[in-house]
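Worksheet: the structure to be examined is printed underneath.
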Amino acid sequence: MNAAIWRQLFALRPATHQWPGALQAATAITVPPLLGLLVGEPRWGSVASIGALIVLHLPDRSRRERAVALPIIAAALLLAAGIGALLGTALIPGLIAMSVIAIGGSFLAQALSVGPPGALFLVLITGSAGQFVAPIAKGGAGMSYLEVIASLAGGALVGYLVVVLPLVVPSIRASDHEIFERRTHWRFAVSASVRVVVARIAVAAVLAVPVSAFLGLHHAAWVMLACLGILQKDADVHSAALRGVQRLIGTGVAIILVIVLAVIEPQGFARIAWATGLIFAFELLIRRNLTWALAAVTPMAVLLASAAGQSIGEVADERVVDTLAGAAIAALVLIGAVVVERRRSTAGSTHVG
């Protein structure tokens, strides 16, 4: 492995002003489960934490822009959750719905240049909602449709307030106004790179359906999430392949931490503290190195996913399988992309000759 690739995989790049975003994310993740404990319904708080992840969207935009855009994103997330909850344990229809949502969400995210997390949470919330309403006998949480949607909506509201309430502070409002004045206006543009990325995601989504169906209900969203994590950012094959390697290494490091979590099985306030610390670390690391960011966010995702009633150890085992399956699908898609590019190059050279 040469030095350049080693640096891309493991070196921390310089990044400034990461603390405010990390603090926002940590606050949004902490409040819902605390409220859930206070009202005696910890499952509500755990589910609401997924809705609170809305705080991770549009981090480079001003607060006043996010104040307008985040409700639209929240509505899309709740619509996806409603579809997932309605389908419940209907595995194949649920997988088809997730594939359609992944493709459509990725297309809109790419065309509008909204940046990460792109369509990831649309897929996550669709699969998670189906698992939350699934009967306990089938490995679900046995929650009602209303419980799930209301909890997610409450979490999204908390995330929204965390973003917009600081605007009441004059100094923050003045600083935000300067960011707003320098903003890049929204535009919808379907460039060649957008078409390439969405086409690859579409192929991966189709391939993920039978793979996820074979693995079962608890894997429904996660294989597709692994595919999206690798494919949704870069049209360049080399960059996408590098992201795939980072995802595999980051997940491998994360599993070590998850094993620790599985041994201690934190509950109550300790569980909240772990989730808060991990999302804080993720936000500090995401712009500096994807490998280490994934090492932080994967255990946090395991903590949230285990709200459906599984132990942390069970969820961790499944996420390893899902990551490997999703990475294999993404690799297959990228290999196909290389073959297509070479054939086009050869055909072009023959035509010129």
Completion exercise
Under a side-chain separation threshold of 4.5 Å, the hydrophobic residues clustered together with V169 are V168, I172
Exercise for the section: Among residues two or more places apart or on two chains, list those pairs meeting salt bridge (Lys or Arg N to Asp or Glu O under 4.0 Å) that have a residue in residues 169-192. Expected result: R64-D176
Problem - Residue list, salt bridge (Lys or Arg N to Asp or Glu O under 4.0 Å) with R63, at least two apart or on another chain - result: none
Handout entry: Remaining members of hydrophobic cluster (4.5 Å side-chain criterion), Y145
Key = L86, I149
Handout entry: Qualifying ring-ring contact (aromatic ring centres under 6.0 Å, His included) pairs with a residue from residues 75-120, counting only residues at least two apart or across chains
Key = F107-F188
Completion exercise
With sequence neighbours left out, the residues meeting salt bridge (Lys or Arg N to Asp or Glu O under 4.0 Å) with R61 are E65
Practice task
Just jot down the ring-ring contact (aromatic ring centres under 6.0 Å, His included) partners of W19, sequence neighbours excluded, or say none.
Solution key: F280
Handout entry: Pairs meeting criterion salt bridge (Lys or Arg N to Asp or Glu O under 4.0 Å) with involvement of residues 283-296, two or more places apart
Key = D60-R287
Exercise for the section: Hey, could you give me each pair passing ring-ring contact (aromatic ring centres under 6.0 Å, His included) that has a residue in residues 31-73? Not counting sequence neighbours. Expected result: H57-F121
Problem - Minimal non-hydrogen separation, I101 against A80, with atom names - result: CD1-CB, 4.2 Å
Problem - Results of ring-ring contact (aromatic ring centres under 6.0 Å, His included) for F282 - residues two or more places apart only - result: none
Exercise for the section: Not counting sequence neighbours, list each pair that qualifies as a salt bridge (Lys or Arg N to Asp or Glu O under 4.0 Å) and has a residue in residues 103-126. Expected result: none
Problem - Contacts of type side chain to side chain contact (heavy atoms under 4.5 Å, CB included), residue T291, not counting sequence neighbours - result: F10, Q246, I249, N289
